[in-house]
Amino acid sequence: MILFFLLLGEEDTSRVIVHIDVDCFYAQVEMIRDPSLRDKPLGIQQKYIVVTCNYVARKHGVTKLMGIKQAKELCPELVLVKGEDLTHYREMSYRITVTLQKFSPLVERLGFDENFVDVTETVDARLKSTFSPQLNGHIFPEMEIEGTYERHKRLACGSQIAAEMRQALHSDLGITCCAGIAHNKLLAKLVAGQHKPNQQTSLLPGGVGKLMGTLKTARNIPGIGSRTFKRLQTLGISTVQDLQDAPADVLQAEFGSQTAQVMQQLCRGVDPSPVTPTGPPQTISDEDSFKKCASLQDAKERMTGLLQSLMKRLKGDGRFPHVLRVTVRKLSASNKWTNRESRQCAIPSHLFGTGAEETISKLLDLCVVLFCKMVDVNHPFHLTLINICFAKLEARS
DNA sequence: TGGGGTCCT
DNA sequence: AGGACCC
């Protein structure tokens, strides 16, 4: 049946995808670590930015990525916890993914605080035992339709599984989250945001157009980033409706036929991309930003610190990296971001054979070589960021 | 605007 | 090695 429709170019609406989006993730982790923070306005601080905050702080108008100064003006009682060290967030993030993997092996991470889960097979298995679930949580669009639940058993079953996932996250880890349930990743993610925090929403197939219509601009479609959006605006395209109405040949001329087709599918709520299980990380990196680094000595001290914390993470991972990359950001007249430069080299395997001290010192030597390919240390320089990345992680042979 | 990540060109 | 995207 499915194959027949796909051969006719119809989209596959038979999957059941759950998107899990943790509420104000870093703030929750800190509130779990220190429950006395629960009823206080809390912001997580990285450098001079509040990267996220709890809902008490949001009531006072504090938002994500707000400057400390402005946040304190809006909310003088704001409690700030430093969050530059991601260790605890990373650990909780993986515990969340592991918990979700008990429901299906098809779990895809997106950042530290979002996961997609394809529960199609679980739904099919449950529905075989002639059991008719009620829909759990909110429904989009919000309206009473006769027979809604009967005609959408698979969605209702998915919503029950989502509720069980959220219960497991809460009882096992103390984490609250939102969930979106729909027939593809795009729609599951978008619908999850309809009721926040700590709630879940299921999308009826008939509500796709309305859901896409809630987006302010095409920029709000995941997959259409700032660069692509600027190019669209060049063509006079700004809203989702503009994109839906745009002639295919106009988009093809600007973006090529493949990306043009993907964009026109996305703006209609069509997303055939599979949930791809994430597996162990491809890279392990650590970075630090600062006002000024202007000497090789300073850079070496900073890189040593980064290498020390990277080595601890590597021990937990169990694999060994075969590539080392150093990235710097130079203080630049104009472009604050995208002005990073990087150099990489192979890591000789024997380097991890000896003690940690030895290893770090040899890695630092490699870092200095890479660093000097980007920075003329005989000339004055001014860096604002250094990143060290381990890549090509493989089991030791 | 942080401190991470992914994949593609 | 850089660029786009995501959080």
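Atom set for the values below is all heavy atoms of this structure, side chains included, hydrogens, waters and symmetry mates excluded. Naming convention: chains lettered A, B, ... in sequence-line order (proteins, then strands); numbering from 1 in each chain.
- Taking the six-membered ring where the residue is Trp, the centroids of Phe112(A) and Tyr89(A) are separated by 6.0 Å or more.
- Contact annotation for Leu65(A): base contact, defined as any heavy-atom pair under 4.0 Å involving a base atom.
- Across all strands, Gln45(A) comes closer than 4.0 Å to no nucleic acid atom at all (heavy-atom distances).
- Using a 4.0 Å cut-off between charged side-chain N and carboxylate O, Asp298(A) and Arg302(A) make a salt bridge.
- Only Pro281(A), Gln282(A), Thr283(A), Ser285(A), Asp286(A), Glu287(A), Ser289(A), listed by number, bring a heavy atom of residues 267-290 of chain A to less than 4.0 angstrom from any atom of DNA chain B.
- Going from atom OH of Tyr26(A) over to atom P of dG4(B) covers 8 Å, rounded to whole Å.
- Rounding to whole angstrom units, CD1 of residue Ile44(A) and C1' of dT1(B) are separated by 16 Å.
- Below 30°, between 30° and 60°, or above 60°: for Phe371(A) and Phe381(A) the angle between ring planes is above 60°, a perpendicular geometry.
- A salt bridge does not link Arg90(A) with Asp85(A): none of the charged nitrogens is closer than 4.0 Å to a carboxylate oxygen.
- Taking atom CZ on Phe25(A) and atom P on dG4(B), their separation rounds to 14 Å, with Å as the unit.
- The side chain of Arg90(A) places an N or O atom within less than 4.0 Å of a non-bridging phosphate oxygen (OP1 or OP2) of dG5(B).
- Contact annotation: Arg329(A) side-chain N/O to dG2(B) OP1/OP2 distance is under 4.0 Å.
- Atoms CZ (Arg302(A)) and P (dG3(B)) sit 11 Å apart, rounded to a whole Å.
- Contact annotation for Arg343(A): backbone-only contact, meaning every heavy-atom pair under 4.0 Å involves sugar-phosphate atoms and none involves a base.
- For Tyr48(A) and dT1(B), the shortest distance from a side-chain N or O to OP1 or OP2 is below 4.0 Å.
- In this structure, His138(A) and His195(A) have parallel ring planes: the angle between them is below the 30° cut-off, well short of the 60° mark.
- A salt bridge links Glu164(A) with Arg126(A): the distance from a Lys NZ or Arg NE/NH1/NH2 to an Asp or Glu carboxylate oxygen falls below 4.0 Å.
- The residue Lys64(A) sits apart from the nucleic acid: no heavy atom pair falls under 4.0 Å.
- In this structure, Glu11(A) does not pair ionically with Arg268(A), as no charged nitrogen and carboxylate oxygen lie closer than 4.0 Å.
- Rounded to whole Å, atom C1' of dT1(B) lies 10 Å from atom CD of Gln46(A).
- Exactly one residue among Leu155(A), Leu211(A), Val191(A) makes a side-chain contact (heavy atoms from CB on, under 4.5 Å) with Leu204(A). That residue is Leu155(A).
- The CZ atom of Arg109(A) sits 11 Å away from the C1' atom of dG4(B) (whole-angstrom rounding).
- Nucleotides of DNA chain C lying under 4.0 Å from heavy atoms of chain A occupy a range whose first and last members, 5' to 3', are dA1(C) to dC7(C).
- For Lys47(A), a side-chain nitrogen or oxygen approaches OP1 or OP2 of dG3(B) to under 4.0 Å.
- When heavy atoms are screened at a 4.0 angstrom cut-off, Gly67(A) is found touching no nucleic acid atom at all.
- Distance NZ (Lys189(A)) to C1' (dT6(B)): 13 Å, rounded to an integer number of Å.
- One interatomic measurement links the two molecules: CG of Asn387(A) to C1' of dG4(B), which rounds to 9 Å at whole-angstrom precision.
- Under 3.5 Å, the side chains of Arg15(A) and Thr120(A) contain no donor-acceptor pair of N or O atoms.
- Cluster membership for Ile284(A) and Met303(A), using ILVMFWY side-chain heavy atoms within less than 4.5 angstrom, is shared.
- Within 4.0 Å of Arg231(A), counting heavy atoms only, lies no atom of the nucleic acid at all.
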